[in-house]
Participant: 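Submitted below is the structure of interest, expressed as structure tokens.
Computed from a predicted model, the values in this text were never measured in an experiment.
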Amino acid sequence: MNINKKIVEKILEQKIVALFHGKCEAGPRALCNRSILFDPRNKNGKDIVNTVKKREFFRPFGATVMLEHAHNWFEMLHIKELPFMTVAVPCKKEKIKKIPAVLHIDNTCRIQTITAKQNKMMYDILQIFYKKTGVPMLLNTSFNLAGMPLAATKELAGYTMKNSKINHLFLVKEKND
């Protein structure tokens, strides 16, 4: 089975998936190479993932969404894309009940728009999830636990897995590794 299909299969089973592939990103947000992924449709998703990450219950999550669908789900006004998950935008009223795990208390979401050119693997995962659910996004948060650094190395990924209740880790070897 294709690894991207396997990742989506686990997410559809309501499992928490950690993804470790490509080069480690830098900055304040998970940008898909060191990410924890979960189903945004799960009404208890925020509580489930916050418990696993050992974070405070009120901390919200962002979503990675296929760029071509972002304007159908969020009030982006004049914004064309948001590739760095640094801006919260309102969810469209008719979509609010469909993605409770990624919405803040005011029904906004800090989104990351993504294209195949930016991150082919994540885009393909989103395409598979979208075809199965009609939802073009996933809950995406950094692959770490509260107070710990991002799982930048395989050793830190192993430590994070051993000290959490993340269900699955997908370590994807890059062609140049």
Side-chain angles (χ1 to χ4, degrees), residues 1-42 44-57 59-67 82-86 101-102 109-133 135-177:
M1 177 183 272
N2 172 305
I3 193 166
N4 296 341
K5 288 181 181 174
K6 188 74 170 167
I7 289 168
V8 171
E9 175 185 294
K10 294 302 175 191
I11 292 168
L12 290 172
E13 292 172 2
Q14 301 306 297
K15 303 296 184 187
I16 298 171
V17 170
L19 181 59
F20 183 104
H21 80 102
K23 294 181 181 187
C24 187
E25 54 249 344
R29 305 284 176 243
L31 299 175
C32 304
N33 288 351
R34 303 290 186 278
S35 289
I36 293 173
L37 306 172
F38 195 67
D39 190 336
R41 303 169 305 151
N42 187 312
N44 298 313
K46 184 178 78 150
D47 295 332
I48 292 166
V49 179
N50 268 330
T51 299
V52 166
K53 282 193 62 145
K54 303 176 183 180
R55 296 183 346 159
E56 299 87 358
F57 73 93
R59 305 255 327 252
F61 292 103
T64 298
V65 59
M66 297 164 70
L67 176 62
L82 292 166
F84 301 110
M85 201 181 278
T86 55
V102 296
C109 182
R110 194 180 63 242
I111 68 169
Q112 172 195 14
T113 58
I114 196 163
T115 65
K117 185 177 181 183
Q118 291 165 327
N119 188 316
K120 175 112 173 77
M121 182 176 188
M122 187 62 183
Y123 187 83
D124 290 348
I125 291 167
L126 289 171
Q127 267 192 321
I128 296 164
F129 187 80
Y130 177 62
K131 286 178 184 171
K132 292 186 176 286
T133 66
V135 176
M137 71 191 79
L138 288 171
L139 180 153
N140 179 12
T141 188
S142 56
F143 182 18
N144 69 322
L145 303 178
M148 296 298 297
L150 184 69
T153 65
K154 291 176 185 168
E155 293 76 22
L156 276 171
Y159 173 87
T160 303
M161 290 300 294
K162 188 168 31 168
N163 290 284
S164 74
K165 292 183 180 174
I166 296 171
N167 303 111
H168 300 278
L169 169 61
F170 288 85
L171 277 165
V172 181
K173 184 172 174 68
E174 297 297 308
K175 292 176 184 174
N176 297 331
D177 278 352

Participant: Only one of Asn119, Thr86, Thr64 clears side chain to side chain donor-acceptor pair (under 3.5 Å) with Gln112; which?
Facilitator: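 For Gln112, the side chain to side chain donor-acceptor pair (under 3.5 Å) test succeeds with only one of Asn119, Thr86, Thr64, which is Thr64.
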
Participant: Would you please name every residue forming a side-chain contact (heavy atoms from CB on, under 4.5 Å) with Ala18, sequence neighbours left out?
Facilitator: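 Only Phe143, Met161, Ile166, Leu169 meet the side-chain contact (heavy atoms from CB on, under 4.5 Å) criterion with Ala18.
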
Participant: Count the heavy atoms of every other residue, nucleotide or ligand shown that sit under 6.0 Å from OH of Tyr159, and state whether that count exceeds 12.
Facilitator: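 Atom OH in Tyr159 is not packed in, count stays at 12 or less.
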
Participant: State the CD1-CZ distance between Ile3 and Phe170, to the nearest 0.5 angstrom.
Facilitator: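 One gets 6.0 Å once the value is rounded to the nearest 0.5 Å.
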
Participant: Which heavy atom of Leu139 sits nearest a heavy atom of Ala101, and at what distance?
Facilitator: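 Reported closest heavy-atom pair: CD1-O, 3.6 Å.
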
Participant: Do the non-hydrogen side-chain atoms of Ile114 and Val65 ever get within less than 4.5 Å of each other?
Facilitator: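 No - every pair of side-chain heavy atoms lies 4.5 Å or more apart.
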
Participant: Kindly indicate, with the supporting measurements, whether the criterion side chain to side chain contact (heavy atoms under 4.5 Å, CB included) is fulfilled by Phe61 and Arg55.
Facilitator: CA-CA 11 Å; Phe61 292 103; Arg55 296 183 346 159; 3.2 Å; yes

Participant: Can you find a heavy atom in the side chain of Val8 that is under 4.5 Å from one in the side chain of Lys5?
Facilitator: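 A side-chain contact under 4.5 Å is absent here.
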
Participant: Of all residues at least two apart in sequence or in a different chain, which pass the side chain to side chain donor-acceptor pair (under 3.5 Å) check with Asn144?
Facilitator: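 Here the qualifying residues are Lys53, Ser142.
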
Participant: Could you give the distance from CZ (Arg34) to OG1 (Thr153), rounded to the nearest 0.5 Å?
Facilitator: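 Result: 8.5 Å between the selected atoms.
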
Participant: Can you list the residues that meet the salt bridge (Lys or Arg N to Asp or Glu O under 4.0 Å) rule with Lys120, with sequence neighbours excluded?
Facilitator: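 Partners of Lys120 under the salt bridge (Lys or Arg N to Asp or Glu O under 4.0 Å) test: Asp124.
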
Participant: Taking the side chain from Thr133 and the backbone from Val135, do they hold a donor-acceptor pair closer than 3.5 Å?
Facilitator: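 Side chain of Thr133 to backbone of Val135, a donor-acceptor pair under 3.5 Å: yes, one is there.
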
Participant: Holding to side-chain contact (heavy atoms from CB on, under 4.5 Å), I want the full list of residues that pass it with Leu67, two or more places apart in sequence or in another chain.
Facilitator: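 side-chain contact (heavy atoms from CB on, under 4.5 Å) list for Leu67, sorted by chain: Glu81, Thr113, Thr115.
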
Participant: Please enumerate all residues that pass salt bridge (Lys or Arg N to Asp or Glu O under 4.0 Å) together with Glu56, with sequence neighbours excluded.
Facilitator: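 So Glu56 forms a salt bridge (Lys or Arg N to Asp or Glu O under 4.0 Å) with Arg59.
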
Participant: Holding to side chain to side chain donor-acceptor pair (under 3.5 Å), I want the full list of residues that pass it with Gln127, two or more places apart in sequence or in another chain.
Facilitator: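 Scan of Gln127 (side chain to side chain donor-acceptor pair (under 3.5 Å), adjacent residues dropped) gives none.
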
Participant: Could you work out, with side-chain contact (heavy atoms from CB on, under 4.5 Å) as the rule, every residue matching Pro60, not counting sequence neighbours?
Facilitator: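 For Pro60, the residues satisfying side-chain contact (heavy atoms from CB on, under 4.5 Å) (neighbours in sequence not counted) are His104.
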
Participant: Using the test side-chain contact (heavy atoms from CB on, under 4.5 Å), find all partners of Asp47 that sit at least two apart in sequence or belong to another chain.
Facilitator: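 None.
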
Participant: I need the minimum non-hydrogen distance between Tyr130 and Met66, along with the two atoms involved.
Facilitator: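 Where Tyr130 meets Met66 most closely, the heavy atoms are CB-SD, 4.2 Å.
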
Participant: Got a second to check how far His168's NE2 is from Glu13's CD, nearest 0.5 Å?
Facilitator: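 These two atoms lie 6.5 Å from each other.
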
Participant: To the nearest 0.5 Å, tell me how far Leu19 CG sits from Ile11 CD1.
Facilitator: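 Reported value, rounded in 0.5 Å steps: 8.5 Å.
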
Participant: To check you understand the geometry: which heavy-atom pair defines the closest contact between Cys32 and Met122, and what is its length?
Facilitator: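 Heavy atoms of Cys32 and Met122 come nearest at SG-CG, 3.3 Å.
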
Participant: Out of the candidates Asn42, Asn44, Asn167, only one should pair with Gln14 under the side chain to side chain donor-acceptor pair (under 3.5 Å) rule; please name it.
Facilitator: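 The option that passes is Asn42.
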
Participant: Could you go step by step and tell me if Asn140 and Met85 meet the side chain to side chain contact (heavy atoms under 4.5 Å, CB included) rule?
Facilitator: CA-CA 10 Å; Asn140 179 12; Met85 201 181 278; 3.9 Å; yes

Participant: Could you give the distance from CE (Met121) to CG (Leu126), rounded to the nearest 0.5 Å?
Facilitator: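 Going from CE on Met121 over to CG on Leu126, the span is 11.0 Å.
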
Participant: Using side chain to side chain donor-acceptor pair (under 3.5 Å) as the criterion, list what pairs up with Tyr123, not counting sequence neighbours.
Facilitator: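 Testing Tyr123 for side chain to side chain donor-acceptor pair (under 3.5 Å), a comparison that skips the adjacent residues, returns Glu68.
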
Participant: Could you please spell out the steps behind the side chain to side chain contact (heavy atoms under 4.5 Å, CB included) verdict for Phe129 and Leu138?
Facilitator: CA-CA 8 Å; Phe129 187 80; Leu138 288 171; 3.8 Å; yes

Participant: So how far is it from Glu9 CD to Ile128 CD1, rounded to the nearest 0.5 Å?
Facilitator: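 The CD atom of Glu9 sits 11.0 Å away from the CD1 atom of Ile128.
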
Participant: Which heavy atom in Ala151 sits nearest to a heavy atom in Phe20, and how many Å separate them?
Facilitator: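 In this case the closest contact between Ala151 and Phe20 is O-CE1, 3.3 Å.
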
